[in-house]
Amino acid sequence: MALAKLQKQLTSLLPRRCLITDPAALKPYECDGLTAVREIPGLVVLPESETQIKQILAACLEQQVAVVPRGAGTGLSGGARPIADGVVIGLSRLNKILEIDLDNMAARVQPGVRNLAITEAVAEHGLYYAPDPSSQIACSIGGNVAENAGGVHCLKYGLTVHNILGVKLQTIEGDELLLGGPGGDPEGYDLLALTCGSEGMLGVVTEIWVKLLPQPPVKQVLLMAFEQVSRAAESVSAIIASGLIPAGLEMMDELAIEAAEAFVHAGYPLGAKAILLCELDGVAEEVAADAELVKRIAQAHEAISLVSAEAPADQARLWAGRKAAFPAVGRLSPDYYCMDGTIPRHQLATVLEQINQLSDHYGLRVANVFHAGDGNLHPLILYDANVPGELEKAELMGGRILEICVEAGGTVTGEHGVGIEKLDQMCAQFADPELEQFFRVKAVFDPPGLLNPGKGVPTLARCAEVGGMHVHGGRAPFAGLERF
Amino acid sequence: MDRDQTEVLIAAVAQAAADAQAISIVGSGSKSFLLPDVSAGAAGSGGRLLNVAEHLGIIEYRPDELVITARAGTSLKDIRQTLQREDQLLPFEPPAFRDQGTLGGALAAGLSGSSRPWKGSLRDAVLGVRLINGLGELLRFGGSVVKNVAGYDVSRLQAGAFGTLGVLLDISFRVIPAPRMQQTQVLAMSAADALVQMRAWARQSLPISGLCHLDNRLWVRLQGAESAVRSAVAKLGGESSSDADFWSRIDNHQHPFFQSEGTLLRQRVAPAQPLPENWDGLIEWAGAQRWQFQKESASEPTSDWLPFDHRFARAQCQRPGGNMLLGDYQQRLRRAFDPQQLFNPELGHADSAA
């Protein structure tokens with residue numbers, strides 16, 4: 001009823017092309033990158049201006065209809081999963097770069113601008129936008145802010161929160177908040193940091209100031225192969241401890257190597273148990289010195305092969321295998337389930353071994369492709385949704401992996417966000433008073449609770465149902481007991 | 001020193017919450033010049049002082065994790081020395097003010113030093129906190145890993161909140177390797193020319209980690225691999241300075257510039273913003289942070305100039321940049337953490353925000 005009223009109201013406010021009501025046309029919006037969970041939205045609105053966004057939010061408030069903001073729909077945790085009796089605000093048509101300020105090394109962009117489009121627009125000036133999630137050709141900067149997206153280069157250049165200077169946030173109650181901006185660090189409480197990664201639950205971001213960096217003059221990529229996963233993991237710690245910070249430090253295990261090699265022929269050594277890809281960048285002298293250091297560390301850890309790529313084409317080839325790893329693994333199995341836990345680096349070898357044990361226990365193969373430098377794991381659990389019970393088994397195993405990450409002192413999500421996917425695991429990471437504090441923060445910006453309800457933070461009731469396995473602050477009950 | 005006062009502090013806050021009695025949180029007092037007198041707050045109205053300086057000690061430090069976790073009362077000096085032994089440092093170079101400052105005080109004040117534009121701000125390096133909110137609840141947000149998007153980023157929110165959102169207990173900060181080599185160059189240059197020069201250098205890949213202009217001289221800090229620093233020195237020119245402590249004296253306000261008469265004002269701006277007329281202040285952060293003294297004769301400074309004295313923390317917690325709407329949201333947020341507004345009443349209340 002409220003939805004019908006809203007639709008009528010919006011029809012009078014917006015051009016016809018901004019509304020999607022036809023069931024067939026609503027279908028593409030039923031999920032984001034987390035395709036296992038779908039729901040046809042009640043209505044999709046595609047505003048073309050900030051003014052329209054404000055009108056839509058005002059109408060939703062008036063009719064008390066829930067709003068799900070959506071960028072490019074590439075998110076992996078269901079943050080943009082629609083609600084049957086709610087509205088999806090798709091921000092894809094707000095795709096303009098409004099201002100490039102070379103003097104201040106910043107750009108003002110609309111939320112629907114693609115991540116890579118920013119770098120493309122400033123490349124001629126020798127600049128770029130640093131965060132590079134693997135979906136960067138498609139994902140939008142607004143979505144990046146919502147999820148505090150990372151990428152392969154955040155070890156050195158940070159996450160989205162480190163690379164945006166400000167946002168314009170529209171609250172459901174009609175307030176427009178300017179948080180930060182090109183003028184440097186915001187005064188007062190850091191609401192900009194709070195907005196980053198808030199999954200569209202506090203407001204709708206309508207403009208973003210991003211920071212631009214000079215392109216590094218020199219890059220070098222090293223490929224190192226190991227006969228043991230543990231030796232590769234130890235090399236990661238040794239590289240970090242040696243006093244250099246690589247631009248990227250990625251690890252792939254045997255199954256991932258084989259899959260990638262069969263798919264894109266990147267030249268990865270078959271038979272290796274693990275490879276490390278290490279990218280160094282900066283001024284020529286520094287890169288040369290760092291590369292020597294990394295090579296010595298790899299040798300000290302019994303690397304069985306070591307390839308150095310200095311030409312851009314060779315570097316692209318080495319990266320191709322890593323960047324295609326997810327689809328490559330997708331060829332091995334009808335379905336896979338991608339995890340996103342982060343652990344302290346020194347726990348890498350231990351946690352990977354635990355994941356192996358889980359893999360044996362559940363009878364599901366796991367390929368590991370991950371940002372080793374920041375301890376951000378992406379175990380891919382292979383399963384077949386057509387086999388009854390396999391999806392449930394994969395989800396159980398995935399949940400268990402995330403709990404292991406929390407027990408190891410880490411977190412259930414490094415860069416994909418909680419969305420709806422990791423709500424249960426949030427109960428393992430946070431105790432009730434912490435969840436209640438999150439809700440009070442939410443209520444500051446969205447008192448009626450209309451923005452992206454049911455995402456990001458689990459209700460206490462949900463956690464009570466999940467119950468049982470409560471791990472907090474790395475202290476699991478009966479930590480000595482084995483659990484599978 | 002290793003002293004865990006968690007239980008004592010929780011009990012104190014819980015008692016204050018039960019009695020609805022205000023609390024002024026104090027650490028070493030190194031930044032008391034930034035705060036209104038506590039006698040104007042809790043202590044003045046029969047409330048209590050809550051000293052967190054006794055809650056101290058490094059809880060975990062693994063150099064290969066690039067993370068240090070320590071209690072709020074741990075002195076920055078101890079942190080610095082501990083990191084130095086492993087050739088590491090806090091990327092944001094917090095002022096320690098006569099070496100008295102604590103880690104909790106650094107987070108509460110949110111001040112970053114000379115390296116800020118290149119190595120990130122204090123809030124950029126925050127990974128996790130444990131705190132006591134105004135309900136007397138012990139809460140943990142973030143953690144000790146670099147990538148973490150579980151829940152709202154309450155940890156970074158503590159940076160510059162001056163303790164008004166909770167009593168900070170333990171903090172995890174990202175650390176970085178110390179540069180293998182450091183060199184400071186000094187170039188004779190007017191402020192206007194320096195601003196242009198700093199912006200030009202910012203657009204190039206150079207191993208710069210400090211750019212500061214004062215008294216017709218541009219100070220440039222270069223850090224990195226020896227070969228990289230040497231080639232940058234050749235490119236940038238200027239005189240080599242043997243004054244290795246220059247940057248720390250600037251960060252800690254011990255440089256003679258900071259001893260002038262008048263009210264010290266701070267401005268954070270888009271780095272290329274032109275200088276006001278008759279400029280005779282100090283420019284840091286490649287242009288993004290500026291300091292000057294307000295002379296008695298001078299006209300009122302523009303509203304983006306904030307007094308860096310006892311009015312500073314109050315302004316931070318009440319009306320950011322003079323923006324009423326934003327100030328209103330900040331006060332609502334403060335109540336979300338501290339419904340009775342027990343913490344640091346001298347930093348203003350929602351109803352008294354004016």
Side-chain angles (χ1 to χ4, degrees), chain A residues 103-105 126 147-148 150 154 158-159 162 175 177 182-191 193-194 196-198 214 216-217 237 240-241 243-244 282-283 285-286 289 342-346 374-376 409-415 417-418 426 429-430 433-434 437-438 440-441 444 457 473, chain B residues 62-66 87 120-121 123-124 133 137 139-141 143-154 156-157 159-161 176-178 180 199 202-207 224-225 227-228 231 268-272 288-289 304 306 316-317 320-321 325-327 329-330 332-333 336-337:
Chain A
D103 280 342
N104 289 307
M105 309 266 289
E147 301 298 335
N148 193 11
C154 25
L159 306 156
H162 302 109
D175 289 328
L177 303 179
D185 299 340
E187 304 286 354
Y189 297 151
D190 199 332
L191 304 184
L194 189 67
C196 240
S198 64
S237 284
I240 301 299
L244 66 89
V283 289
E285 299 86 350
E286 186 123 41
T342 302
I343 55 168
R345 273 179 291 268
H346 71 271
D374 16 55
N376 186 193
T411 175
V412 297
T413 174
E415 57 181 4
V418 174
M426 285 288 283
Q429 188 165 335
F430 294 101
E434 289 151 351
Q437 186 64 67
F438 285 145
R440 286 196 298 275
V441 168
V444 166
V457 183
Chain B
R62 289 190 55 119
D64 62 350
E65 290 295 332
L66 298 180
D87 279 328
S121 63
R123 79 83 136 128
D124 285 344
N133 67 7
E137 296 170 333
L139 309 177
R140 177 181 186 267
F141 299 102
S144 59
V145 290
V146 185
K147 282 163 96 176
N148 188 350
V149 290
Y152 300 117
D153 196 340
V154 174
R156 289 189 215 280
L157 191 56
I176 55 170
R180 277 166 264 175
R199 298 320 303 156
R203 281 177 59 182
Q204 302 167 29
S205 263
L206 290 164
S227 51
S231 97
R268 294 199 289 197
V269 289
Q289 178 160 275
D304 57 348
L306 202 60
Q316 282 282 316
C317 297
L325 179 61
L326 216 44
Y329 273 84
Q330 302 224 148
R332 283 156 69 173
L333 196 59
F337 282 86

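Naming: A, B, ... by sequence-line order, numbering from 1 per chain.
- Glu434(A) places a side-chain N or O within donor-acceptor distance of the main-chain N or O of Arg140(B), the cut-off being under 3.5 Å.
- Rounding to the nearest 0.5 angstrom, the gap separating the NE2 atom in His162(A) from the CZ atom in Arg123(B) is 7.0 Å.
- Contact detail for Val145(B) and Pro344(A): the closest heavy-atom pair is CG1-N, 3.6 Å.
- Both the backbone and the side chain of Asn104(A) come within contact range of chain B, judged by heavy atoms closer than 4.5 Å.
- Heavy atoms only, all atoms of each residue included: Gly243(A) and Arg180(B) are closest at O-NH2, 4.2 Å.
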Give the intermediate values and the outcome of salt bridge (charged side-chain N to carboxylate O under 4.0 Å, His left out) for residues Asp185(A) and Arg268(B).
CA-CA 7 Å; Asp185(A) 299 340; Arg268(B) 294 199 289 197; 3.6 Å; yes
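- The distance between the ring centers of Tyr189(A) and Tyr329(B) does not fall below 6.0 angstrom.
- Annotation for Ser205(B) and Pro216(A): closest pair OG-CA, 3.6 Å, computed over non-hydrogen atoms.
- Using a 4.5 Å cut-off between heavy atoms, Ala288(B) does not touch chain A at all.
- Taking each heavy atom of Thr411(A) and Lys147(B) in turn, the nearest pair found is CG2-O, 3.5 Å.
- The backbone N or O of Ser227(B) lies less than 3.5 Å from no partner atom in the side chain of Glu286(A), so there is not a single donor-acceptor pair.
- Ranked by heavy-atom pairs shorter than 4.5 Å toward chain B, the options Val457(A), Leu194(A), Leu244(A) are led by Leu194(A).
- For the set Asn133(B), Leu326(B), Asp64(B), Val149(B), the count of heavy-atom pairs under 4.5 angstrom toward chain A peaks at Val149(B).
- A donor-acceptor distance shorter than 3.5 angstrom exists from the side chain of Gln437(A) to the backbone of Ala336(B), with no hydrogens or angles considered.
- Glu187(A) places none of its side-chain heavy atoms less than 4.5 Å from the side chain of Gln330(B).
- Among Val146(B), Leu66(B), Asn148(B), the residue with the largest count of heavy-atom pairs under 4.5 Å with chain A is Asn148(B).
- The candidate from Asp175(A), Ile240(A), Val441(A) with the greatest count of non-hydrogen atom pairs under 4.5 Å with chain B is Asp175(A).
- Taking the side chain as every heavy atom from C-beta outward, Leu206(B) and Val283(A) never approach each other to under 4.5 Å.
- Across all their heavy atoms, Gly151(B) and Phe438(A) have their closest contact at CA-CZ, 3.7 Å.
- Only the backbone of Ile343(A) comes within less than 4.5 Å of a heavy atom of chain B; no side-chain atom from C-beta onward does.
- When each of Gly120(B), Ala225(B), Ala270(B), Cys317(B) is checked for heavy-atom pairs under 4.5 Å with chain A, Ala270(B) comes out on top.
- Here the closest heavy-atom approach between residue Arg156(B) and residue Ala193(A) is recorded as CB-CB, 3.8 Å.
- Between chain B and the residues Gly197(A), Ala289(A), Ser237(A), the most heavy-atom pairs under 4.5 angstrom are made by Ser237(A).
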